[in-house]
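Below: the structure, in C-alpha cells.
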Amino acid sequence: MKQIKRIKGTQDILPPISQKWQYIEKTLRKVMRCYGYNEIRTPMFEMTELFARGIGQLTDIVSKEMYTFQDRSKKSLTLRPECTAPVIRAYLENNLGEARPVQKLYYISAMFRQENPQAGRLRQFHQFGVECIGPQAPEADTETILLGLDIYQELGLKNFSVKINSVGDVESRVAYKSQLKKFLKPQLNDLCQTCRERYESNPMRILDCKNESCNEILASAPRILDALSENARSHFEKVLSLLDQNGVEYEIDHRLVRGLDYYTFTAYEFIGGGLGAQNALGGGGRYDLLAQEIGSKKPVPSVGFAAGIERLIMAMDKENLFPEMRKNVDVFIATFGGKSQEAGFKLAHELRKNDISVLTELMGRSLKAQMREANRSGARFALILGEDELRNGRAALKDLQKSEQQEVVLGKLATEILKSRQM
RNA sequence: GUGGGCGUAGCUCAGUAGGUAGAGCGCCAGAUUGUGGCUCUGGUGGCCGCGGGUUCAAGUCCCGUCGCUCACCCCA
C-alpha cells in the first residue's frame with residue numbers, strides 16, 4: 001500500500017525542533033505582556049468574502065494564493081492567508097470597540113497560502129502579529145515598531161533592519177497615483193508585462209517591481225512622500241521622530257508599498273539577513289480603511305504587523321541564538337528480576353506526582369540496555385531496582401553526570417531527587 | 001504557472017567504462033552472566049522514487065511520471 005505523505009509546503013515540527021518554537025513563543029508572550037497586548041484566537045477559516053473584501057481582489061493573495069473551498073451548504077470558505085482581517089472581523093462582531101477605545105490584540109497562529117514552496121515560504125506557515133485597534137495617533141504606529149524590535153532584540157537577533165515609508169491617506173494616494181501615471185506614461189512600453197497591467201489596475205504596486213529595466217525607470221519616479229497631504233505628512237514625521245527619540249535606526253524606502261490593499265499612512269518592514277530570497281521577517285503598517293471594507297459603519301483606525309515564525313527560526317539558526325535545549329528527565333528507573341518491574345512502575349507514578357520527570361523501561365530490555373537508554377534520555381539519575389533492593393527497601397541511585405552511585409531508602413527518593421535539582 | 005538541482009539503509013552520502021549495492025553515523029547484541037557514556041567485535045537494516053524502453057546484463061543509458069529542493073513572481 002502506498003505511504004501517505006504530508007501535503008506539499010507543510011512541515012512536521014519534530015522534537016527537538018519543537019523546543020525552538022516553545023522558546024520563541026515564550027519570549028513573544030513575555031514581550032507582548034510588557035506592551036499590554038492580550039491574545040486573540042480566531043477560527044482557522046472564514047467566509048471567503050472577508051479576505052476578498054478586506055485584503056483586496058487584485059492582490060496576489062486573493063487572486064491566486066488562497067485555499068478556498070465550498071462546504072456542504074455551498075458556502076465559500078477560505079483558510080486564513082493572514083490574520084489582520086479576521087482580527088478586525090472579530091473586533092467588530094464582538095463589539096470590542098464598545099468595551100474600551102483601545103484594544104491591543106496579538107496572535108500566534110498558522111496561515112495558509114497556496115504558493116510554490118521555497119526557502120522561507122510554506123503553504124502552511126506561522127505568524128505572530130499585533131493589532132492596535134482604536135488609536136489614530138502616530139504614537140500607536142511607533143509603538144508597534146518598537147514592540148517588534150524588542151522581540152527581535154530579546155531573542156538576540158543582530159542581523160536585521162527596519163524599512164519604513166508612508167503610503168498616505170486616500171487624498172494623498174489619489175494625488176500620487178496621477179503623478180506617477182503621468183510620469184510613467186511616456187515610458188510605458190519599456191515597462192515589463194505585469195507593470196503595464198498594473199498601470200491601470202494598481203499603479204502604486206509598480207514601485208514593487210524588481211525587474212531591472214523597470215528599476216531604472218522608477219529610480220527617477222516622483223516620491224509619494226512628496227505627495228502627502230498635510231495630515232499624512234505630519235503623522236509620518238511624528239512616527240519618525242518618536243523612532244529617533246527611542247534610538248531606532250531605520251531606512252526610509254520610497255518604494256515600500258506592500259502588497260495588501262488595506263494599508264494607509266505608515267508602512268514598514270522588518271528585514272532579516274541570511275534568509276535566502278525571502279528576506280522579510282515581518283511587515284505591517286496602518287490600515288484605517290479595513291474595518292469599513294468589511295462592514296463597519298464607522299472608521300476604525302488600527303495599526304499592526306505580522307511576522308513569520310519559520311523565517312525567524314531561520315534567522316536565529318543563522319546566528320546560533322537558540323539556548324542549549326535541556327532534556328528535563330530527572331530519573332530513569334531501571335528494573336530487573338522478580339516483581340521489580342511492577343514496583344518500579346508504581347514508584348514512577350508516585351514520583352511524578354511530586355513534579356518529578358520519570359522514565360521507565362517499556363521495551364522489556366536488559367539492565368545494560370536500560371542504562372544505555374537512561375543515558376540517551378539525558379536523565380540526571382538512573383535508579384537501579386532489582387529484587388534484592390526491593391526486599392530491603394533501598395535501591396542504588398546513580399548520578400549519570402558524576403558517575404557516582406549511592407544507596408537511598410526508597411521512601412526518601414523524591415526528596416533526594418528534588419534536593420539535587422538545586423545544586 | 002515557469003526554470004535549475006536532486007531522489008541509493010533510520011540519517012548524511014559514495015557507487016568508478018552498464019556486470020548482480022557500500023561507508024560513516026544511528027540502532028541491536030557481545031566483550032563486562034546486575035550498571036550508561038569511551039573503545040573493540042559482530043549483527044540488523046535497501047522493490048537504488050515509480051513505470052516503461054535499450055541490453056545477455058541497468059543504481060548507472062533513454063523516455064515518461066511522481067516527489068523533494070532552490071529560484072522567478074509575490075510575500076511571512
Side-chain angles (χ1 to χ4, degrees), chain A residues 2-11 14 55 58-66 80-84 107-129 148 192-195 197-198 202 205 208-212 214 256-260 269-272 275-284 305-315 332-338 340 363 365-390 395-405:
Chain A
K2 211 169 93 189
Q3 272 262 1
I4 298 173
K5 300 204 293 185
R6 67 171 192 276
I7 291 168
K8 185 205 272 276
T10 64
Q11 267 184 318
L14 309 171
I55 302 172
L58 294 173
T59 60
D60 286 8
I61 291 179
V62 173
S63 62
K64 56 186 195 197
E65 294 168 7
M66 292 207 300
R80 62 178 172 217
E82 60 100 49
C83 216
T84 297
Y107 56 84
I108 303 174
S109 29
M111 308 296 156
F112 306 85
R113 291 182 201 172
Q114 189 162 184
E115 295 186 87
N116 265 346
Q118 70 187 70
R121 175 196 284 156
L122 294 156
R123 290 188 169 184
Q124 174 175 339
F125 60 101
H126 299 78
Q127 290 185 330
F128 62 91
C192 72
Q193 178 67 31
T194 34
C195 283
E197 284 163 19
R198 282 176 180 161
N202 192 352
R205 284 290 302 289
D208 238 1
C209 188
K210 284 162 196 146
N211 185 297
E212 236 174 83
C214 297
L256 175 62
V257 292
R258 304 202 40 81
L260 286 62
E269 274 182 10
F270 302 120
I271 306 294
L275 292 180
Q278 310 306 323
N279 68 354
L281 277 171
F305 71 80
I309 297 179
E310 285 84 355
R311 288 184 190 177
L312 175 56
I313 291 174
M314 285 170 75
F332 186 102
I333 299 182
T335 60
F336 55 97
S340 68
M363 301 287 284
R365 287 173 289 190
S366 68
L367 178 63
K368 185 184 171 71
Q370 291 183 60
M371 289 301 288
R372 189 171 49 234
E373 184 64 42
N375 185 56
R376 187 163 35 210
S377 74
R380 175 69 195 278
F381 296 102
L383 185 79
I384 296 151
L385 190 63
E387 229 176 335
D388 299 347
E389 285 84 352
L390 207 53
L397 185 65
K398 182 165 189 175
D399 186 322
L400 293 173
Q401 281 163 30
K402 297 181 188 157
S403 272
E404 287 167 6
Q405 189 166 317

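Convention: sequence-line order gives letters A, B, ...; per-chain numbering from 1. Quick caveat, the model's predicted, so the values are computed rather than measured.
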I'd like to know if [X] reaches the base of [N] with its side chain, counting only an N/O donor and acceptor under 3.5 Å.
X	N	result
A:S366	B:G34	no
A:Q401	B:G36	no
A:Q118	B:C73	yes
A:Q370	B:U35	no
A:K5	B:G67	no

Figure out the [atom1]/[atom2] separation between [X] and [N], and round it to whole Å.
X	N	atom1	atom2	result
A:E65	B:C73	CD	C1'	9 Å
A:R311	B:C74	CZ	P	14 Å
A:E82	B:A76	CD	P	8 Å
A:L281	B:A76	CG	P	12 Å
A:L400	B:C38	CG	P	13 Å
A:L390	B:G34	CG	C1'	14 Å
A:F128	B:A76	CZ	P	12 Å
A:E197	B:C74	CD	C1'	15 Å

Phosphate OP1/OP2 of [N] contacted by [X] side-chain N/O (<4.0 Å):
X	N	result
A:K8	B:C68	yes
A:R121	B:C70	no
A:K368	B:G36	yes
A:R365	B:C28	yes

Any strand is fair game: report the nucleotide pairing with [N] by Watson-Crick or G-U wobble, both distances under 3.5 Å, or none.
N	result
B:C13	B:G22
B:U65	B:G49
B:C72	B:G1
B:U39	B:A31
B:U44	none
B:U60	none

Applying a 4.0 Å non-hydrogen cut-off, can you work out what [X] is touching in the nucleic acid: base, sugar-phosphate, or nothing?
X	value
A:R113	base
A:R123	nothing
A:L122	base
A:A119	sugar-phosphate
A:R198	sugar-phosphate
A:G337	nothing
A:E115	base
A:E389	base
A:G386	nothing
A:Q405	base

Sticking with atom [atom1], work out how far [N] lies from [M], rounded to a whole angstrom.
N	M	atom1	answer
B:U60	B:A9	P	15 Å
B:U12	B:G53	C1'	33 Å
B:A58	B:G18	P	13 Å
B:A21	B:U8	C1'	8 Å
B:G1	B:U65	P	14 Å
B:G52	B:A57	P	15 Å
B:G43	B:C48	C1'	23 Å
B:G46	B:G22	C1'	11 Å

Consider the side chain of [X], meaning its heavy atoms from C-beta on, and name the nucleotide among [options] that approaches it most closely.
X	options	value
A:A280	B:U2, B:A76, B:G34	B:A76
A:N116	B:U2, B:G34, B:C73	B:U2
A:R376	B:U2, B:C28, B:C74	B:C28
A:Q278	B:G34, B:U2, B:C73	B:C73

Next item on the list: Evaluate the criterion side chain to side chain contact (heavy atoms under 4.5 Å, CB included) for residue pair A:D399 and A:Q405; output intermediate values, then yes/no.
Entry: CA-CA 6 Å; A:D399 186 322; A:Q405 189 166 317; over 6 Å; no
Margin query: Taking the nucleotide of RNA chain B with the nearest heavy atom to each, does A:E373 or A:S403 sit closer to the 5' end?
Written below: A:E373
Check: Of A:Q127 and A:P117, whose nearest nucleotide on RNA chain B comes first from the 5' end?
Finding: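 Here A:P117 is the residue nearer the 5' end.
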Check: Under a 4.5 Å cut-off applied to non-hydrogen side-chain atoms, are A:L367 and A:R372 in contact?
Finding: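 No, side chains not in contact.
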Checklist line | Close side-chain approach of A:Q114 to A:M66, heavy-atom, < 4.5 Å | finding: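 They are not in side-chain contact.
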Note to self: Looking at B:A76 and A:F125: do their rings stack (centroid distance under 5.5 Å, interplanar angle under 30°)?
What the structure shows: yes
Margin query: Using 0.5 Å steps for rounding, measure from the CD atom of A:Q370 to the NZ atom of A:K368.
Written below: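 One gets 13.0 Å once the value is rounded to the nearest 0.5 Å.
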Notebook entry, point to check: In Å and rounded to the nearest 0.5 Å, what is the NZ to CZ distance from A:K402 to A:F381?
Noted result: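 A:K402 atom NZ to A:F381 atom CZ measures 7.5 Å (nearest 0.5 Å).
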Checklist line | Flag if over 12 foreign heavy atoms under 6.0 Å of CG, A:L14 | finding: yes
Next item on the list: Please confirm whether the backbone N or O of A:T10 pairs with a side-chain atom of A:R6, one donor and one acceptor, at under 3.5 Å?
Entry: yes
Notebook entry, point to check: When the aromatic ring centroids of A:F125 and A:F112 are compared, is their separation below 6.0 Å?
Noted result: no
Item checked: Criterion side-chain hydrogen bond (donor to acceptor under 3.5 Å, both in side chains) against A:E310, the qualifying member of A:Q124, A:H126, A:Q278 ->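 Testing A:E310 for a side-chain hydrogen bond (donor to acceptor under 3.5 Å, both in side chains) against A:Q124, A:H126, A:Q278 leaves exactly one candidate, A:H126.
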Note to self: One thing to verify: whether A:E115 and A:R121 come together as a salt bridge, which I'm taking to mean a side-chain N less than 4.0 angstrom from a carboxylate O.
What the structure shows: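 Here A:R121 pairs with A:E115 in a salt bridge, since their nearest N and O are under 4.0 Å apart.
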